[in-house]
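Here's the structure, in structure tokens; my notes come after.
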Amino acid sequence: MIPDRPVPGTPLARSFYARPSRVVAPALLNKVLVVGVRAARIVEVEAYAGADDPASHAYRGQTARNATMFGPPGSLYVYFAYGMHWCANAVCSPAGSSSAVLLRAGAPLAGLDSMYAMRPVARRDRDLCSGPAKLCQAFGIDRSFDGRDLVDEDQPVTIVDDGTPPPRRPGRSPRIGLSVAVDVRWRWFVPGDPNVSRPQ
DNA sequence: ACCGGGATGTTCT
DNA sequence: GAACATCCCGGTG
């Protein structure tokens, strides 16, 4: 039977993810993250590479924390940051290349009531998913989601294409919150979207 | 609106 | 012991 989805769409195929993260990242803009009844359009992403990217968790090789980055493309890599936040990435490229796309912000589409329940501090819709840790909090994404397959419809989390193309001319900037590789412009966002996490 | 500091704990040096 | 792919709150203007 076909599971109920708040937004009609087709899960992205594994071949979509099996490319370098800097190629996958802008292509993920306007795709839709779905967890149960919750859905949000992805409006901001960042690409992280592997051994050649000092800002990447994979820079110093595989550890228990980043093991999912070294697994198959199309997996969700979830990590714990600053002692209290979760952040989610889509793993890219062939297994072993360890690159990923950080999901930084989304525009809420469905399940907003349950998102507000997960984020009591939110006062407006734009407070729900306008940052990588807010997004995970709104969706209830935590360590138990690490390593989940985004491609398999039977998994609790997926990314679907509802027919909305990425922006023809996405916004672009250096990545946020880094102390190294600060000149690498691997952040992309949907211009003008109020859910983007930082001023454009 | 903008800015500064504190929370909080895992990971790595 | 320091760094950290962040967020929230309370100050000020």
Side-chain angles (χ1 to χ4, degrees), chain A residues 17 20-26 28-29 33 40 42-71 73 75-93 97-108 115-148 150 157 159 170-190 192 194-200:
Chain A
Y17 299 100
S21 58
R22 67 181 182 279
V23 174
V24 175
L28 275 173
L29 293 177
L33 177 68
I42 296 167
V43 298
E44 180 183 350
V45 293
E46 285 176 357
Y48 289 86
D52 53 344
D53 180 7
S56 171
H57 289 170
Y59 182 58
R60 291 177 179 82
Q62 185 170 346
T63 65
R65 176 208 206 188
N66 65 19
T68 298
M69 285 188 81
F70 292 79
S75 306
L76 192 71
Y77 166 49
V78 180
Y79 70 91
F80 193 52
Y82 292 99
M84 64 193 102
H85 299 303
W86 299 99
C87 296
N89 301 251
V91 176
C92 300
S93 286
S97 68
S98 68
S99 76
V101 175
L102 173 65
L103 307 179
R104 279 198 61 90
M115 292 184 186
Y116 275 103
M118 300 297 284
R119 287 188 43 72
V121 300
R123 304 184 130 272
R124 313 175 289 286
D125 291 358
R126 57 147 70 81
D127 299 329
L128 292 173
C129 301
S130 55
K134 296 179 193 176
L135 182 72
C136 284
Q137 195 178 4
F139 276 83
I141 292 173
D142 60 16
R143 168 128 291 170
S144 70
F145 284 73
D146 184 41
R148 297 286 189 170
L150 294 166
V157 53
I159 299 177
R172 193 173 173 189
S173 82
R175 296 173 291 186
I176 305 245
L178 302 185
S179 59
V180 294
V182 295
D183 296 327
V184 178
R185 297 171 64 221
W186 281 359
R187 171 179 179 248
W188 290 267
F189 53 89
V190 175
N195 299 278
V196 171
S197 68
R198 300 278 174 115
Q200 308 169 26

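Letters A, B, ... are given to chains in the order of the sequence lines, protein chains preceding strands, and every chain is numbered from 1. What you are looking at is a predicted structure, and each value in this text was computed from that prediction instead of being measured. Side chains included, hydrogens not; waters and symmetry mates left out as well; all remaining heavy atoms used.
- Atom CZ of F80(A) sits in a crowded spot, with more than 12 heavy atoms from other residues, nucleotides or ligands closer than 6.0 Å.
- When the shell of 6.0 Å around CZ of R143(A) is examined, it contains more than 12 heavy atoms from other residues, nucleotides or ligands.
- For L178(A), counting side-chain heavy atoms from C-beta on, the closest listed nucleotide (dT6(C), dA5(C), dA7(B)) is dA5(C).
- As a whole-Å value, the separation of R119(A) CZ from dC9(C) C1' is 14 Å.
- For R65(A), counting side-chain heavy atoms from C-beta on, the closest listed nucleotide (dT6(C), dT11(B), dC9(C)) is dT11(B).
- Listed pair H57(A) / dA5(C) meets the phosphate criterion, a side-chain N or O lying under 4.0 Å from OP1 or OP2.
- One atom, CH2 of W86(A), and another, C1' of dC7(C), lie 16 Å apart when rounded to the nearest Å.
- Side-chain N/O atoms of Y116(A) and D125(A) include a donor and acceptor closer than 3.5 Å.
- Of the charged side-chain nitrogens involved, none lies within less than 4.0 Å of a carboxylate oxygen, so that R22(A) and D53(A) do not count as a salt-bridged pair.
- For T63(A) and dC12(B), the shortest distance from a side-chain N or O to OP1 or OP2 is below 4.0 Å.
- Rounding to the nearest 0.5 Å gives a distance of 9.0 Å between CH2 of W188(A) and CG of L29(A).
- Contact of Y79(A) with dA5(C) (side chain to base): a donor-acceptor pair of N or O atoms is detected under 3.5 Å.
- R198(A) comes within contact range of no nucleotide atom at all, as no heavy-atom separation falls under 4.0 Å.
- Toward the 5′ end of DNA chain C lies the nearest nucleotide of V180(A), the other residue of the pair P132(A) and V180(A) mapping further downstream.
- When the nucleotides dA5(C), dC12(B), dT8(B) are ranked by their closest atom to the side chain of M84(A), dT8(B) comes out on top.
- Within 4.0 Å of A81(A), counting heavy atoms only, lies no atom of the nucleic acid at all.
- Between dT10(B) and R143(A), no contact under 4.0 Å exists linking OP1 or OP2 to a side-chain N or O.
- Using atom P as the reference point in both dA2(C) and dG6(B), the two lie 16 Å apart (nearest Å).
- For S56(A), the listed nucleotide lying nearest its side chain is dA5(C); candidates were dC7(C), dA5(C), dC12(B).
- Remark: dA5(C) base-pairs with no nucleotide; criterion is Watson-Crick or G-U wobble with both hydrogen-bond distances under 3.5 Å.
- Where Q62(A) and H85(A) each meet DNA chain B at their nearest nucleotide, the meeting point lying more 5' is that of H85(A).
- At the phosphate of dT11(B), neither OP1 nor OP2 sits under 4.0 Å from any side-chain N or O atom of R60(A).
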